[in-house]
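Below, read A as the first sequence line, B as the second, and so on, with proteins coming before strands; counting in each chain starts at 1. For the numbers below, each heavy atom of this structure counts, side chains included, while hydrogens, waters and symmetry mates do not.
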Amino acid sequence: MASTASTGSRWPSWINISARELLLIIGVIVITAGISIGSHGNFWNDSNLTNLMINTAITLVPAIGMTVIILTGGIDVSVGSMLGLVAVAGGTAFEHGVGLAAATPVFLVAGAILGFVNGALITYGRVPPVIATLGTLSVYRAAAFIFLGNHWITMIPPSVTQAMVLTQPLGIPIAVWIALVLIALCMVFLARLPRGRHIFAIGNNENAARLNGIPVERIKLAAYTLTGVLVGVAALMSLGHSPMVQTTTGTGFELTVIAAVVLGGTELTGGRGSLLGTLLGAILVGLVQNGVVLLHIQPFWSGVVLGVIILVSVGSATVRRAAD
Amino acid sequence: MNRIDWTGRAPVLIVISAITLIGVTIGAPGIWSVDNLFAMGVLAVEIGIIALGQTFVINAGGIDLSVGAIFALAQVTMGLAMVAGVPWPVAVALGLCVGLVCGLINGLATVWLRVPAIIVTLATMFAFNGLALVITNGIDVSGFPDGFYVLGQGTIFTIPLQIIAIYLPLLIVLAIVQWRTRFGRLVHLTGTNALAARLTGIRIGRVQIATFVIAGVLAALAGAISASRLTTARPDAGEVDNLISIAIVVLGGSSIFGGKGSVLGTALATLVIALVNYGLSFNNLNAVYQSGLIGLILIAAVLMQNIMLRLQQRRATAAG
Amino acid sequence: MSRFASCKRWAVLGGTALALTLSAPVWAKQYTVAFVPKLVGIPYFAAMKKGMDKAGKQFDLKVIYQGPSSADVAQQVNIVSSLINQGVDAIGVAANSPTAFGPMVKKARAKHIVFYSTDSQVEAKGNQLRVSQVNDKALGYKVIDVLAEELKASKGAAKGKIAFVSGGSTATNLNTWIKFMKQRLKDKYPNIKLVDVQYGGEDVTKATNITNQLISAYPDLDGIVGINTTAVPGAAQAVLTSGKKGQIVVTGITDPNTIRPYVMNGTVNKVVLWNPVDLGYLTGWGVKQILDGKQFKPVNEVPGLDHKIKYDAKTKTLLLGPPMVIDKSNIQLDF
């Protein structure tokens with residue numbers, strides 16, 4: 001797989017495109033063509049493209065962190081509840097009249113704290129990642145309920161929507177620009193910096209990495225904290241997209257994020273995967289969710305289609321590997 | 001091999017149940033009644049059966065995120081069949097077959113495609129859930145023949161039928177399968193070290209497929225009981241059961257990495273979860289506190305065991 | 001003599017006090033009434049709870065409010081089961097599924113517990129009281145009339161293409177309203193064409209996404225009707241961000257707190273609702289009547305409500321009243 005840490009290659013791995021990513025690109029093109037024909041071109045409406053891009057960005061940003069976590073051999077199933085609790089914290093700030101600029105740090109810090117708690121349980125508490133984040137999934141959701149009570153936050157200032165969605169330099173909303181910048185930074189980081197390569201090393205063989213003097217615990221802790229921060233960013237984007245905080249905000253979001261990463265070819269056993277794949281995976285998930293209404297069918301089908309696409313995509317990778 | 005891991009999570013579980021028991025008793029002394037015991041049991045049976053299947057999958061080194069979706073798909077299949085006039089025992093058999101096929105799909109995809117179980121079952125969770133919604137148009141199914149209601153509402157000597165005639169016999173059979181049969185040993189061997197098991201000539205693929213089939217059929221059985229108890233089959237049922245069943249299995253002492261665990265531990269953990277849920281509900285604390293508390297208990301149980309292990313190791317090194 | 005008289009007086013006083021204390025539970029028994037909403041953590045049911053608490057104070061009821069964290073009927077049944085064993089005097093639900101409570105109603109009645117439903121009804125025969133916020137037909141018709149009025153105001157005629165965005169596909173009351181809305185469209189407004197019905201659950205983000213896609217799928221859409229409290233703000237947000245404010249009429253069934261920002265900025269002019277606080281209050285009153293063994297009259301005077309309440313003996317239904325239109329003039333209502 002060309003997309004794994006290419007030790008020895010002179011080219012940074014993020015420029016290479018693997019067979020898996022090629023397949024995903026073909027998938028994106030085919031589905032896009034299918035939807036645009038099926039919808040008589042309505043797919044290309046400005047408002048639909050904006051909606052698609054925003055949704056993809058909201059999935060993509062936490063998926064960047066999730067990719068890094070999965071590369072280290074971990075997983076975080078709590079991102080949906082994290083998004084909800086961060087939205088509660090940030091939304092409360094908005095409710096108290098705090099402006100966008102001053103509230104942004106609230107989102108980021110709240111996310112960082114929640115991600116740090118996950119990371120600390122996993123690294124210092126030695127709780128397996130699935131278990132730790134399964135636990136915090138329900139704890140964070142309960143916390144959101146307790147803070148919010150029976151009340152929904154509806155007074156999100158219009159400036160959030162204005163900043164995240166309606167301001168569109170070169171026709172692309174700010175939220176999407178943020179996602180693109182973040183993923184580019186992380187790609188360079190993973191491919192070019194020693195720390196990035198350490199992440200792959202941990203996923204491939206944690207003990208060997210430790211023996212080689214790589215600070216495994218600290219890197220893992222950083223990965224979970226980073227994911228928390230990115231969830232904070234996604235929460236802010238999400239409030240721009242639909243400015244209301246409910247106690248259930250973000251429920252099930254973790255599955256969308258994990259689906260995007262898995263579709264992108266990152267392997268849950270750690271050590272293999274790429275952010276380019278995650279980007280394509282997020283676009284595919286967005287397309288599938290976007291397409292159903294445009295094709296005039298019930299949204300129930302999106303689950304079936306998504307499930308089949310994941311199986312086909314992951315299965316074809318195995319078939320190809322067997323053929324090699 | 002221990003039946004229940006007494007050095008591990010079992011003592012932690014017992015401490016937690018003791019604290020819960022004392023707490024809910026102080027809050028509402030009326031909880032000590034046969035009615036409450038049965039109500040709690042009925043609440044525990046459905047998720048308990050799902051968790052038994054999940055135990056086999058996890059012990060063999062897999063994980064099944066789709067059990068909740070199978071629970072829903074199987075019950076609406078039965079429901080639609082009954083509404084269409086199929087006799088209820090045939091409809092239930094059909095539902096169990098749906099569970100079997102779903103489990104087979106999970107198993108075959110995991111083994112043949114060599115894809116981690118968590119990915120396969122994430123995908124099938126989306127697919128099975130979607131199918132359940134598609135075939136019902138997203139609407140509840142109800143209006144079943146009276147005979148069907150015996151599964152979830154019948155009693156034997158005033159004891160709810162699903163406790164005494166379904167769950168307990170099932171638990172005994174599965175415990176025997178786990179500890180007295182070759183298959184049971186193979187499951188643990190596969191989970192402990194798949195590579196070593198393969199080298200000793202065990203067809204680990206078949207073992208893994210069998211565990212997924214067991215999980216699928218049991219999830220469908222739980223779906224039948226639920227549809228009978230609620231006189232309604234719901235396409236959106238079981239959404240939380242995927243993760244709760246995993247939490248129960250881990251609380252019950254199974255290692256999430258496979259190879260270690262027992263159905264009796266799972267049964268004990270089911271009881272603790274039911275106690276927490278019912279006890280808090282009986283004290284009129286909202287459901288969200290219940291799930292939050294279970295999350296805390298899950299983390300605390302694993303943390304405490306880790307701390308105990310570390311203390312033991314320290315003592316061992318100090319002595320040595 | 002005077003000493004004896006004083007003694008006697010004290011004895012009488014003491015005796016009366018003792019008798020009063022002993023008999024107190026008989027004449028001032030405080031009933032415990034439980035209400036299980038579709039889900040907790042949502043303003044609509046919190047408003048109903050406010051009304052029930054008010055009725056509790058007025059009629060000396062102890063109110064228990066407990067519900068699931070998501071609109072899940074299995075969780076509701078579990079809660080009802082524990083309430084039955086707690087031995088409360090009355091249990092009621094806003095049902096997530098009309099058919100799932102049959103066995104629970106039987107169990108409750110066997111223990112002489114009053115069973116009622118409010119907001120979203122239970123089919124079972126043993127159900128003793130249904131408290132209905134509005135006549136389903138009147139509500140469905142009213143929403144469509146408001147829509148037609150709005151279309152006329154913005155397009156000059158009651159015609160065009162519209163879509164419905166609903167909550168859960170399994171929610172019986174939402175489906176009933178949709179049925180009556182379709183009927184009204186067919187009977188009175190043949191020029192308004194319903195092109196699609198989509199479901200967004202109890203989630204404003206999903207409702208926003210679905211409406212966005214509807215707007216793209218039908219570029220000449222003229223109106224959107226949201227059927228539940230999350231669908232209307234979700235639809236309004238989608239219309240606002242896609243720059244279609246003023247071109248697409250948004251209305252539906254929702255509460256003032258949730259829709260306020262969109263009414264203030266002009267994306268939404270009118271929505272329809274009832275007063276959920278009054279609904280909770282009426283529920284409390286109705287349950288108290290049953291507990292006291294009183295019969296309902298066809299038209300009832302309810303202390304604390306400014307209008308009379310109709311009762312339909314055949315369906316055992318108390319009806320709160322006609323639907324209420326919310327616009328800029330009364331958007332500051334808080335419920």
Side-chain angles (χ1 to χ4, degrees), chain B residues 24 28 30-44 46-47 71-72 75 79 133 136-144 149 152-154 226-241 274 277-292, chain C residues 32 34-37 39-41 45 62-88 95-107 110-111 122-124 166-172 174-175 178 197-202:
Chain B
V24 297
I31 199 166
W32 290 95
S33 78
V34 177
D35 278 351
N36 280 319
L37 189 69
F38 289 162
M40 201 172 80
V42 166
L43 193 148
E46 287 150 31
I47 185 69
F71 172 81
Q75 63 173 280
L133 288 166
T136 55
N137 246 324
I139 296 169
D140 288 351
V141 185
S142 60
F144 308 138
Y149 297 139
Q153 297 174 38
S226 172
S228 164
R229 181 169 65 94
L230 302 175
T231 67
T232 306
R234 299 167 300 137
D236 54 354
E239 265 168 19
V240 290
D241 292 349
N277 272 338
Y278 191 81
L280 292 192
S281 180
F282 200 77
N283 279 279
N284 295 321
L285 285 162
N286 267 324
V288 62
Y289 295 102
Q290 296 164 23
S291 70
Chain C
T32 305
F35 171 47
V36 182
L39 72 167
V40 293
F45 286 112
K62 183 176 171 238
V63 177
I64 295 176
Y65 175 77
Q66 204 196 347
S69 47
S70 63
D72 177 9
V73 78
Q75 278 192 55
Q76 277 190 305
V77 168
N78 292 344
I79 292 168
V80 169
S81 161
S82 112
L83 287 167
I84 291 175
N85 287 337
Q86 282 179 48
V88 297
N96 282 316
S97 162
T99 54
F101 289 93
M104 284 296 136
V105 173
K106 253 188 236 158
K107 221 171 140 190
K111 294 202 169 187
V122 167
E123 269 174 17
S166 186
S169 60
T170 54
T172 320
L174 305 184
N175 289 338
I178 290 176
V197 181
Q198 292 281 350
Y199 301 92
E202 298 281 338

Query raised in the report: Which value, rounded to the nearest 0.5 Å, describes the distance between B:Thr232 atom OG1 and C:Asn96 atom CG?
Result: 11.0 Å
Query raised in the report: With a 4.5 angstrom heavy-atom cut-off, which part of C:Gln86 approaches chain B: side chain, backbone, both or neither?
Result: both
Query - Full working for side chain to side chain contact (heavy atoms under 4.5 Å, CB included) between B:Leu133 and C:Tyr199 - result: CA-CA 12 Å; B:Leu133 288 166; C:Tyr199 301 92; over 6 Å; no
Query - C:Ile79: side chain to side chain contact (heavy atoms under 4.5 Å, CB included) partners, not counting sequence neighbours - result: B:Ser281, C:Val36, C:Gln66, C:Pro68, C:Leu83
Query - Enclosure of B:Phe38 CZ (heavy-atom neighbours >12, cutoff 6.0 Å) - result: yes
Query raised in the report: CG of B:Asp35 to CD1 of C:Ile84: how many Å apart, nearest 0.5 Å?
Result: 9.5 Å
**Report entry** Between B:Arg234, B:Met40, B:Gln290, the one whose heavy-atom pairs under 4.5 Å with chain C are most numerous
**Finding:** B:Arg234
Query raised in the report: Taking only residues two or more places apart in sequence or in another chain, which ones pass side chain to side chain contact (heavy atoms under 4.5 Å, CB included) with C:Asn78?
Result: B:Leu43, B:Arg229
Requested in this report: Answer with side chain, backbone, both or neither: which region of C:Lys111 has an atom nearer than 4.5 Å to a non-hydrogen atom of chain B?
Outcome: side chain
Query raised in the report: B:Ile31 versus chain C, heavy atoms under 4.5 Å apart: side chain, backbone, both or neither?
Result: neither
Query raised in the report: Where does B:Asp236 contact chain C at under 4.5 Å (heavy atoms): side chain, backbone, both or neither?
Result: side chain
Query raised in the report: For the candidates C:Gly87, C:Ser82, C:Ser97, which exhibits the highest count of non-hydrogen atom pairs separated by less than 4.5 Å from chain B?
Result: C:Ser82
**Report entry** Between OG on residue C:Ser81 and CZ on residue B:Phe282, distance to nearest 0.5 Å
**Finding:** 10.0 Å
Report task. Mind checking the CZ-OG1 spacing from C:Phe101 to B:Thr231? Nearest 0.5 Å is all I need. Result -> 10.0 Å
Report summary line: Checked B:Gly138, B:Ala227, B:Gly152 vs chain C; the most non-hydrogen pairs under 4.5 Å come from B:Gly138
